[in-house]
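Beneath this line is the structure, given in C-alpha cells, with notes to follow.
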Amino acid sequence: TITQTPSWMALAIDKQVLYPEQEIKIIPILYDKANMEINGQDILFKIQDSAEQSIMEKIAKSGENISFKLDSNYPVGYSMIVAEKEGIRAEKIFEVKPAPKIQVQIVNNSLLIHNIGNIDYHKAIEVDIGGQVIIQQVDLLIGESKLYSLSAPTGDYSLEIRDEVGSLGSGSVSLTGNAVNIREAG
C-alpha cells in the first residue's frame with residue numbers, strides 16, 4: 001500500500017458574498033504530489049472576521065463539508081477561512097455585507113428596541129397604536145438598546161410595529177395619557 005503524502009490544499013466555498021444569518025459551506029481539499037485527493041485527514045480549520053478575530057476554530061476532515069452560519073451581527077467586511085495541515089496552508093476570503101436589523105419587544109407598555117444587525121441602525125419605523133400611525137426615528141449603535149414610552153387616552157390598544165421590510169412585532173397594550181404618542185424614555 002502506498003501512503004499518500006499531503007502536498008497542497010485548496011478550499012472550495014459555495015458563496016463569495018454573504019449577509020448575516022446566511023450559511024456558508026466549505027470543503028477543505030487535500031492533495032498529494034500526483035494531485036490525487038486525500039480524504040479523511042485531520043485539518044486545522046478556522047474562520048477570522050474582518051478584524052482578524054477568530055470566529056470559529058475546529059479540527060475538520062479533508063474532503064468533508066463544513067457548514068457555518070453567520071450571526072445576525074457578524075461584522076461587515078472581508079473574512080478569511082484558513083485550513084492548515086503539516087505546514088500546508090490554504091486561504092479563502094468571503095465578503096459579509098451590511099444588514100441593518102432591530103428586534104422589538106413590548107415591555108410594560110413600552111417598546112424596547114435592540115440593534116441586532118451588523119451596522120448602526122438609523123431608520124424610521126412605524127408604530128401603529130390602535131389604528132393611529134406614528135413615525136419614530138430610531139438611531140442605535142451596533143448592540144445598543146433604547147426604551148420608548150407609549151401613551152394614548154386611557155384604554156386597551158392593538159399595537160403593530162413595522163419598518164420598510166415588514167412587521168417587527170405586534171401585541172396589545174393598556175395605555176394612559178392624553179394623546180397617542182411615543183417618546184424615548186429616560
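Just so you know, these numbers come straight off a predicted model, no measurement behind them. Numbering starts at 1 and runs along the sequence shown.
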Taking atom [atom1] of [X] and atom [atom2] of [Y], what is their separation to the nearest 0.5 Å?
| X | Y | atom1 | atom2 | result |
| --- | --- | --- | --- | --- |
| Asp128 | Ile134 | CG | CD1 | 9.0 Å |
| Met80 | Glu91 | CE | CD | 4.5 Å |
| Ile66 | Phe68 | CD1 | CZ | 11.5 Å |
| Glu160 | Ser172 | CD | OG | 12.0 Å |
| Lys33 | Gln4 | NZ | CD | 12.0 Å |
| Leu141 | Ile119 | CG | CD1 | 12.0 Å |

Flag, side chain of [X] to backbone of [Y], donor-acceptor distance under 3.5 Å:
| X | Y | result |
| --- | --- | --- |
| Ser54 | Gln48 | no |
| Asn118 | Ala99 | yes |
| Gln22 | Tyr19 | yes |
| Ser62 | Pro28 | no |
| Asn115 | Gly117 | yes |

Report the C-alpha distance between Asp120 and Ile142 in whole Å, list the side-chain angles of each, state the deciding distance to 0.1 Å, and finish with yes or no for side-chain contact (heavy atoms from CB on, under 4.5 Å). CA-CA 5 Å; Asp120 294 348; Ile142 297 171; 3.6 Å; yes
Within a radius of less than 6.0 Å around CZ of Arg89, do more than 12 heavy atoms belonging to other residues, nucleotides or ligands occur? yes
Flag if over 12 foreign heavy atoms under 6.0 Å of CD, Glu52: no
So Asp163 and Lys123, salt bridge (Lys or Arg N to Asp or Glu O under 4.0 Å) or not? Walk me through it. CA-CA 8 Å; Asp163 66 6; Lys123 295 180 181 276; over 6 Å; no
Is it the case that one hydrophobic cluster holds both [X] and [Y], taking links as side-chain heavy atoms less than 4.5 Å apart, direct or via other members?
| X | Y | value |
| --- | --- | --- |
| Val180 | Ile106 | yes |
| Ile43 | Ile47 | no |
| Ile38 | Ile88 | yes |
| Val82 | Ile93 | yes |
| Tyr157 | Val127 | yes |

Quick one, Gln41 with Asn39, criterion side-chain hydrogen bond (donor to acceptor under 3.5 Å, both in side chains). Give me CA distance, side-chain angles, the key distance, then yes/no. CA-CA 6 Å; Gln41 294 284 311; Asn39 291 322; over 6 Å; no
Contact between [X] and [Y] at the side-chain level, heavy atoms closer than 4.5 Å - yes or no?
| X | Y | value |
| --- | --- | --- |
| Leu11 | Ile29 | no |
| Ile13 | Ile81 | yes |
| Asp14 | Ile27 | no |
| Leu111 | Ile161 | yes |
| Ile129 | Leu159 | yes |
| Ile59 | Leu44 | yes |
| Arg162 | Leu168 | no |
| Glu126 | Gln136 | no |

Under the criterion side-chain hydrogen bond (donor to acceptor under 3.5 Å, both in side chains), I'd like the reasoning laid out for Tyr74 against Ser79: C-alpha separation, chi angles, the key distance, then a yes or no. CA-CA 10 Å; Tyr74 192 97; Ser79 288; 2.8 Å; yes
May I have the step-by-step check of side-chain contact (heavy atoms from CB on, under 4.5 Å) for Thr154 and Leu175, ending in yes or no? CA-CA 5 Å; Thr154 301; Leu175 300 175; over 6 Å; no
Any salt bridge linking Lys85 with Asp42? Criterion: basic side-chain nitrogen under 4.0 Å from a carboxylate oxygen. no
Can we say Glu23 and Lys15 salt-bridge, meaning some charged N sits less than 4.0 Å from an Asp/Glu carboxylate O? no
Taking all heavy atoms of [X] and all of [Y], pick out the closest pair and write down the distance.
| X | Y | value |
| --- | --- | --- |
| Ser110 | Leu147 | CB-CD1, 3.7 Å |
| Phe45 | Met56 | CE2-CE, 3.1 Å |
| Tyr148 | Gln137 | OH-O, 4.0 Å |
| Val96 | Pro20 | CG1-CD, 4.2 Å |

For Asn35 and Trp8, what are the C-alpha separation, side-chain angles and deciding distance, and is it a side-chain contact (heavy atoms from CB on, under 4.5 Å)? CA-CA 8 Å; Asn35 292 330; Trp8 65 283; 2.8 Å; yes
Could you tell me if Ser7 and Asp32 have a donor-acceptor pair between their side chains, going purely by distance under 3.5 Å? no
With side-chain contact (heavy atoms from CB on, under 4.5 Å) as the test, would you mind laying out the steps for Ile24 and Phe94 before giving the verdict? CA-CA 9 Å; Ile24 186 170; Phe94 64 93; 3.9 Å; yes
